[in-house]
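Only one structure is covered here, and it is reproduced in the block below.
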Amino acid sequence: MNSLHVKEDSTVRLPVAIYALSFGIFAMVSSEFQGSAIINAIAMGLRVSVALVGYWVSWYACAMMLGGPHLPILPRSLAQYPVS
């Protein structure tokens with residue numbers, strides 16, 4: 001029987017920037033839940049209908065669904081400059 005042996009000390013540490021970008025993207029993508037939770041307060045504060053605010057939240061959610069996965073890839077296409 002074949003088994004995969006991995007050394008205990010062979011951990012791969014990711015840069016802190018990866019964790020920061022991941023958290024930022026998660027916050028952006030999941031923020032439509034916060035907007036939908038306070039939809040009545042937003043509608044009253046802006047003096048618009050609840051349905052209109054619902055459309056705004058839905059459009060934001062769709063934009064984050066389509067654009068969110070591309071945000072981590074965008075910095076890869078930018079030129080790399082050395083930090084001195």
Same cluster for Leu46 and Ile38 if Ile/Leu/Val/Met/Phe/Trp/Tyr side chains link at under 4.5 Å? yes

Rounded distance (nearest 0.5 Å) linking atom CZ of Arg47 with atom CG of Leu52: 15.0 Å

Solution key, residues 53-65 side-chain donor-acceptor pairs under 3.5 Å, sequence neighbours excluded:
residue : atom : partner : partner atom : Å
Ser58   : OG   : Gly54   : O            : 2.9
Tyr60   : OH   : Met28   : O            : 3.3
Tyr60   : OH   : Ser31   : OG           : 3.1

Are Val48 and Ile39 connected in a single hydrophobic cluster, I mean Ile/Leu/Val/Met/Phe/Trp/Tyr linked by side-chain heavy atoms less than 4.5 Å apart? yes

Residues that Ile18 engages under side-chain contact (heavy atoms from CB on, under 4.5 Å), provided they are two or more places apart: Leu14, Pro15, Ser22

